[in-house]
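Everything below concerns the one structure shown next.
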Amino acid sequence: LEQRCQSYMAALRQLWDELGLSEEEREAFEESMLMVDVVERVRKVVTEKDRQLDRVERLRPLLTVVGDIEAMKAKMATFEKEASNPNRFFGPKAHAILREQETWRNHVSK
């Protein structure tokens with residue numbers, strides 16, 4: 001039973017990480033586990049895990065948008081690095097590179 005409780009706690013910690021649960025909230029929950037027997041700990045962990053799973057499901061659309069924004073930021077940083085390279089104006093592919101940068105700027109500005 002103790003091993004099962006540890007397994008549930010590992011899953012719960014992953015949910016906490018996904019949700020960005022604060023250390024204070026994590027510590028408060030873990031402290032509440034210290035004074036109860038293993039059966040009660042399993043019950044509390046399962047209840048908390050179910051509660052956090054429900055929270056993840058409700059927040060999933062928002063988490064998806066946040067992930068998309070982070071991906072766009074990374075792509076923008078790469079773009080800015082490439083666009084700041086003065087050598088992009090020289091060479092056989094200069095026109096294609098500038099056209100691609102212009103297309104990207106138009107896409108981002110919409």
Side-chain angles (χ1 to χ4, degrees):
L1 203 53
E2 184 63 42
Q3 196 172 23
R4 185 164 299 229
C5 184
Q6 293 303 319
S7 170
Y8 290 152
M9 275 302 295
L12 182 57
R13 286 186 183 104
Q14 286 179 326
L15 287 171
W16 286 344
D17 290 344
E18 187 175 345
L19 289 167
L21 204 69
S22 72
E23 284 300 315
E24 294 81 22
E25 290 174 289
R26 295 173 191 225
E27 289 172 7
F29 179 79
E30 290 179 0
E31 283 178 19
S32 74
M33 301 282 285
L34 297 176
M35 300 299 176
V36 295
D37 64 15
V38 70
V39 174
E40 182 63 15
R41 280 197 310 254
V42 169
R43 188 193 65 74
K44 287 180 84 157
V45 170
V46 169
T47 301
E48 178 68 7
K49 184 176 153 236
D50 289 345
R51 190 174 75 82
Q52 295 299 337
L53 276 172
D54 181 56
R55 188 173 174 204
V56 165
E57 289 307 313
R58 285 184 283 120
L59 292 175
R60 190 158 312 280
L62 178 61
L63 295 173
T64 300
V65 170
V66 169
D68 292 347
I69 290 170
E70 292 301 319
M72 180 67 78
K73 283 182 181 180
K75 192 169 182 179
M76 288 172 67
T78 301
F79 170 79
E80 290 300 327
K81 182 179 177 185
E82 292 172 0
S84 66
N85 180 0
N87 294 328
R88 74 185 191 281
F89 297 114
F90 306 105
K93 296 182 180 181
H95 181 70
I97 291 170
L98 293 173
R99 172 69 66 196
E100 182 181 326
Q101 289 176 353
E102 180 182 0
T103 302
W104 170 251
R105 282 190 182 99
N106 290 336
H107 171 73
V108 170
S109 66
K110 289 182 180 179

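Any value given below was found using the heavy atoms of this structure, including those in side chains, with hydrogens, waters and symmetry copies removed.
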Say you draw a straight line from [atom1] of [X] to [atom2] of [Y]; how long is it, rounded to the nearest 0.5 Å?
X: Thr47; Y: Lys49; atom1: OG1; atom2: NZ; value: 11.0 Å
X: Thr64; Y: Ile69; atom1: OG1; atom2: CD1; value: 11.0 Å
X: Trp104; Y: His107; atom1: CH2; atom2: NE2; value: 5.0 Å
X: Glu82; Y: Asn85; atom1: CD; atom2: CG; value: 8.5 Å
X: Arg4; Y: Arg41; atom1: CZ; atom2: CZ; value: 14.5 Å
X: Glu2; Y: Met9; atom1: CD; atom2: CE; value: 10.5 Å

Test: Asp54 and Arg58 ion pair at under 4.0 Å: yes
Is the number of heavy atoms from other residues, nucleotides or ligands within 6.0 Å of CD (Glu100) greater than 12?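 No, CD of Glu100 has 12 or fewer neighbouring heavy atoms, counting only those of other groups under 6.0 Å.
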Got a donor-acceptor contact below 3.5 angstrom from the Ser7 side chain to the Gln3 backbone? no
For the side chain of Arg26 and the backbone of Leu21, is there at least one donor-acceptor N/O pair under 3.5 Å apart?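 Side chain of Arg26 to backbone of Leu21: a pair is present.
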Check salt bridge (Lys or Arg N to Asp or Glu O under 4.0 Å) between Glu102 and all other residues, then give those that pass, not counting sequence neighbours. Arg99
List in chain and number order the residues that pass salt bridge (Lys or Arg N to Asp or Glu O under 4.0 Å) with Arg51, two or more places apart in sequence or in another chain; answer none if no residue qualifies.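 Salt bridge (Lys or Arg N to Asp or Glu O under 4.0 Å) check on Arg51 returns Glu48.
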Shared ILVMFWY cluster between [X] and [Y], side chains joined below 4.5 angstrom?
X: Leu59; Y: Leu53; value: yes
X: Leu62; Y: Leu15; value: yes
X: Ile97; Y: Phe90; value: no
X: Val45; Y: Val56; value: no

Closest non-hydrogen atom pair, Ser84 against Lys81: OG-O, 2.9 Å
Closest approach of Lys44 and Met33, non-hydrogen atoms and distance?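 Taking Lys44 first and Met33 second, the nearest heavy atoms are CB-SD, 3.9 Å.
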Between Arg60 and Glu18, does the salt bridge (charged side-chain N to carboxylate O under 4.0 Å, His left out) criterion hold? Intermediate values first, please. CA-CA 10 Å; Arg60 190 158 312 280; Glu18 187 175 345; 3.6 Å; yes
With under 30° as parallel and over 60° as perpendicular, where do the rings of Phe29 and Trp16 fit, or are they tilted in between?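 If you compare the ring of Phe29 with that of Trp16, the planes turn out perpendicular.
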